[in-house]
Structures are given as C-alpha cells and as structure tokens.
Amino acid sequence: MHCLKCKGCMLIERHYTVLSRRLYARCINCGFWLDLADLLRFFHRVIESGVRGRKVREEFTL
C-alpha cells in the first residue's frame, strides 16, 4: 500500500483497547495514517447506494 501524501510505504497496524478494536494504515516516511474501518464503511455505503440508485450523502435524522 502506498501513501497518499508522499507515495511511501504504509504499514497496517491493529490497536486493541478495552472498548474497540481499530485497524490503521500508517506511512513509514511521513506518518500519515488512515482508519481502514472508516474507509470500509464508506465504500460499503457507496455500493449499497448504487444498488438502490441513490446518491451517497450523510443523512441526519431528528
């Protein structure tokens, strides 16, 4: 996996806490990081909305 900022090499890291388990990708060169779980949720919504024929946008319910 290549960094989006400097095109360097990124490492996958797992962080376990009492409340949650997170999966991150962090660049070795510049320290840029991504939360891979958030990316997975976003792409899941894109695919789901394509099946339904809707646009992807944040929905707030009151």
Side-chain angles (χ1 to χ4, degrees):
M1 189 170 179
H2 297 285
C3 179
L4 300 173
K5 281 179 136 179
C6 70
K7 303 298 182 206
C9 185
M10 294 187 84
L11 292 176
I12 308 281
E13 300 176 345
R14 282 191 274 176
H15 293 273
Y16 293 102
T17 63
V18 175
L19 299 176
S20 67
R21 290 174 280 179
R22 288 292 189 178
L23 192 61
Y24 296 105
R26 186 178 55 86
C27 180
I28 297 171
N29 296 332
C30 67
F32 178 74
W33 64 275
L34 291 169
D35 185 355
L36 297 175
D38 285 341
L39 283 176
L40 183 63
R41 277 187 228 107
F42 172 74
F43 286 117
H44 183 266
R45 290 184 65 205
V46 168
I47 292 169
E48 184 179 283
S49 68
V51 170
R52 294 183 189 161
R54 294 189 305 180
K55 292 182 180 178
V56 176
R57 55 177 78 148
E58 293 294 324
E59 297 176 3
F60 297 102
T61 57
L62 297 175

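Here the structure is a predicted model, which is why all the values come from computation and not from measurement. We're numbering straight along the sequence, starting at 1.
- Qualifying ring-ring contact (aromatic ring centres under 6.0 Å, His included) partners for Y24, counting only residues two or more places apart in sequence or in other chains: H15, W33.
- By the side chain to side chain donor-acceptor pair (under 3.5 Å) test, D38 pairs with R41, sequence neighbours left out.
- Cluster annotation: V46 is connected to L39 through the hydrophobic network of ILVMFWY side chains, with a link wherever side-chain heavy atoms come within less than 4.5 Å.
- The CG atom of L36 lies 5.0 Å from the CD1 atom of I12; values are rounded to the nearest 0.5 Å.
- L4 and L11 fall into different hydrophobic clusters, where Ile, Leu, Val, Met, Phe, Trp and Tyr are joined by side-chain heavy atoms under 4.5 Å apart, directly or via other members.
- Interatomic distance, SG of C30 versus CE of M10, reported as 7.5 Å (0.5 Å rounding).
- Separating the CG atom in L23 from the CD atom in E13 is a distance of 9.5 Å, to the nearest 0.5 Å.
- Every residue two or more places apart in sequence or in another chain that forms a side chain to side chain contact (heavy atoms under 4.5 Å, CB included) with C9 is listed here: I28.
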